[in-house]
Amino acid sequence: MKGIVHVIAEREYDVTVDCDWRNEFRELVAGRSRVGIVVSAAFRSHIGDLPKVDAEVHLLEIADGENGKNFATLASLWNSLGAKGFTRSDLLVAIGGGATTDIAGFAAATWLRGIDWVAIPTTLVGMVDAAVGGKTGMNSDYGKNLIGAFHSPESVIIDMSWLATLSDRDFSAGLAEVAKCGFIVDEKILTLLTNKTISDLRNSRDLVVELITRSIQVKATVVSTDFKESFAREVLNYGHTLGHAIELHSKFSLRHGEAVAIGMVYAAELAHHKGILSLQLLTKHRELLTSLGLPIGYRADAWPDLLPLISLDKKARGSTVRFVAISEVGETLRLGGLTQAELARAYERISS
Ligand SMILES: NC(=O)c1ccc[n+]([C@@H]2O[C@H](COP(=O)([O-])OP(=O)(O)OC[C@H]3O[C@@H](n4cnc5c(N)ncnc54)[C@H](O)[C@@H]3O)[C@@H](O)[C@H]2O)c1
């Protein structure tokens, strides 16, 4: 049943969960003269015929996944918008995974210093995380998501039917962000996920709708309190400090969510080592994420490459690396002042 989560950021908008994207699209486009639909060439066939609307509709195809989160794609989107005469009152609609909504949102943020955009996420990561919260951007040769802008969408539309074609691997990757919301804020999410396999979850539509809605509520609450990332918003980066480094190091052969799962176990190891987190909760990280089909370790030989990447992460301040950690479910804190030996020892415990 259709539900709405309201987000208050630099603009207010609704995330509509469990709806028919075509109906919502028609309503959102009403009154616009020009709409650009950003979709990856690889995903185009999933969309089928575009809904008939009065506006002029332009399909803007980009490269798939992380291959599209770069300057070449951004420049090609700018060129298309310029060639087709997009004005301030026109609309961009991104349909796809988090990579597509990130770069399309960034094009919307930068074209004419900001035009409206709508996110229609089609992966679980996109639904529970990437499309909500107003962070848009792209990768740099020096790290993930280093270039970007805060630019909230006008609306986020979540149609559960997209999930049918998502691979188990991508479904699991999305569950990492769901589990993250459980660890940092909402214990009920962890309860709902416990003892569930991927196939249990994929066969329980109502449960997935509840998990998605709860995760979005966590993000919406945090973002509504702190749009531009002082510590309140930083908690959403639980697992992301090492996660982003691993994602980059793996040359994106690991999914974002998979890397975040490893990063959460690493943050839990650090917190446990500091006496902040119980062994029981550390074990819970390992068991829950494993049961969801997620990796919890990475290559031992990668550490010398990962350390400089961690230092470049946006959560680093000056030359100090710091991590988001938890002491209990729902109790977050900053963990800084760690020695290189402590960082390396914790990595040994998650490396294979
Ligand atoms: N802006 C944010 O706040 C934020 C938050 C989290 C993640 N992100 C970003 O999101 C990206 C990861 O998103 P992702 O996991 O969605 O990956 P993705 O966008 O790379 O998509 C993964 C693959 O799934 C395909 N796909 C998309 N929907 C599908 C469907 N319904 N069925 C079958 N295949 C489908 C895509 O074409 C792609 O090949 C990363 O770049 C990450 O940095 C951004």
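Order of appearance sets the numbers: ligands from 1, and atoms from 1 within every ligand. Heads up: numbering here begins at 1 and tracks the sequence.
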Show me which atoms of ligand 1 lie under 4.0 Å from any heavy atom of [X].
X	result
Ala99	10 (O), 11 (C), 13 (O), 19 (O), 20 (O)
Thr165	30 (C), 31 (N), 32 (N), 33 (C)
Lys219	3 (O)
Asn145	43 (O)

contact_flag Arg44 ligand 1 heavy-atom lt 4.0 Å: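 Checking ligand 1 against Arg44, which is what was asked, there is no heavy-atom contact under 4.0 Å.
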Check contact between Lys69 and ligand 1, using heavy atoms of the residue and a distance below 4.0 angstrom. yes
For [atom], the protein heavy atom that lies nearest, with its residue and separation:
atom	value
atom 29 (C) of ligand 1	Phe43 CE1, 3.2 Å
atom 20 (O) of ligand 1	Gly65 CA, 3.3 Å
atom 22 (C) of ligand 1	Asp170 OD1, 4.1 Å
atom 16 (O) of ligand 1	Thr123 OG1, 2.5 Å
atom 17 (O) of ligand 1	Gly98 N, 4.2 Å
atom 41 (O) of ligand 1	Glu66 OE2, 2.5 Å
atom 43 (O) of ligand 1	Lys144 NZ, 2.7 Å
atom 8 (N) of ligand 1	Ala130 CB, 3.6 Å

Any protein heavy atom nearer than 4.0 Å to atom 6 (C) of ligand 1: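 Under 4.0 Å from atom 6 (C) of ligand 1, at least one protein heavy atom found.
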Got a salt bridge between Arg11 and Asp116, using NZ or NE/NH1/NH2 to carboxylate O under 4.0 Å? yes
Side-chain ion pair, Arg286 and Glu269, N-O less than 4.0 Å: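 Yes.
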OG on Ser199 to CG on Asp168, rounded to 0.5 Å: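 Asp168 CG to Ser199 OG: 8.0 Å, rounded to 0.5 Å.
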Rounded to the nearest 0.5 Å, what separation is found between the OG atom of Ser161 and the CZ atom of Arg205?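 Taking OG in Ser161 and CZ in Arg205, the distance rounds to 8.5 Å.
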Shortest non-hydrogen separation from Asn67 to Thr73 and the atoms involved: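 Asn67 and Thr73 have their closest heavy atoms at O-OG1, 4.0 Å.
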If I compare all heavy atoms of Ser40 with all of Thr100, which pair ends up nearest, and what's the gap?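 The answer is CB-OG1, 4.2 Å.
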Answer with side chain, backbone, both or neither: which part of [X] has a heavy atom less than 4.0 angstrom from an atom of ligand 1?
X	value
Thr136	neither
His240	neither
Leu166	both
His46	side chain
Lys135	both
Asp102	side chain
Asp64	side chain

Could you tell me whether [X] and [Y] have their ring centroids closer than 6.0 angstrom?
X	Y	result
Phe323	Tyr266	yes
His151	Phe106	no
His6	Tyr13	no
Trp162	Phe43	yes

Any donor-acceptor pair under 3.5 Å from Lys69 side chain to Asn139 backbone: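 A pair under 3.5 Å: no.
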Could you check whether any side-chain heavy atom of Leu211 comes within less than 4.5 Å of a side-chain heavy atom of Leu192, counting everything from C-beta outward?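 Of all side-chain heavy-atom pairs linking Leu192 with Leu211, at least one is under 4.5 Å.
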Are any of the N/O atoms on Thr122, whether in the backbone or the side chain, positioned under 3.5 angstrom from an N/O atom of ligand 1?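 N/O-N/O distance below 3.5 Å exists for this pair.
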Taking atom types as modelled and ignoring hydrogens, do the side chains of His240 and Glu177 form a donor-acceptor contact shorter than 3.5 angstrom?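 Checked: His240/Glu177 side chains pair up, N/O donor to acceptor below 3.5 Å.
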Criterion side chain to side chain contact (heavy atoms under 4.5 Å, CB included) against Asp170, the qualifying member of His256, Glu258, Arg255: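 Answer after filtering His256, Glu258, Arg255: Arg255.
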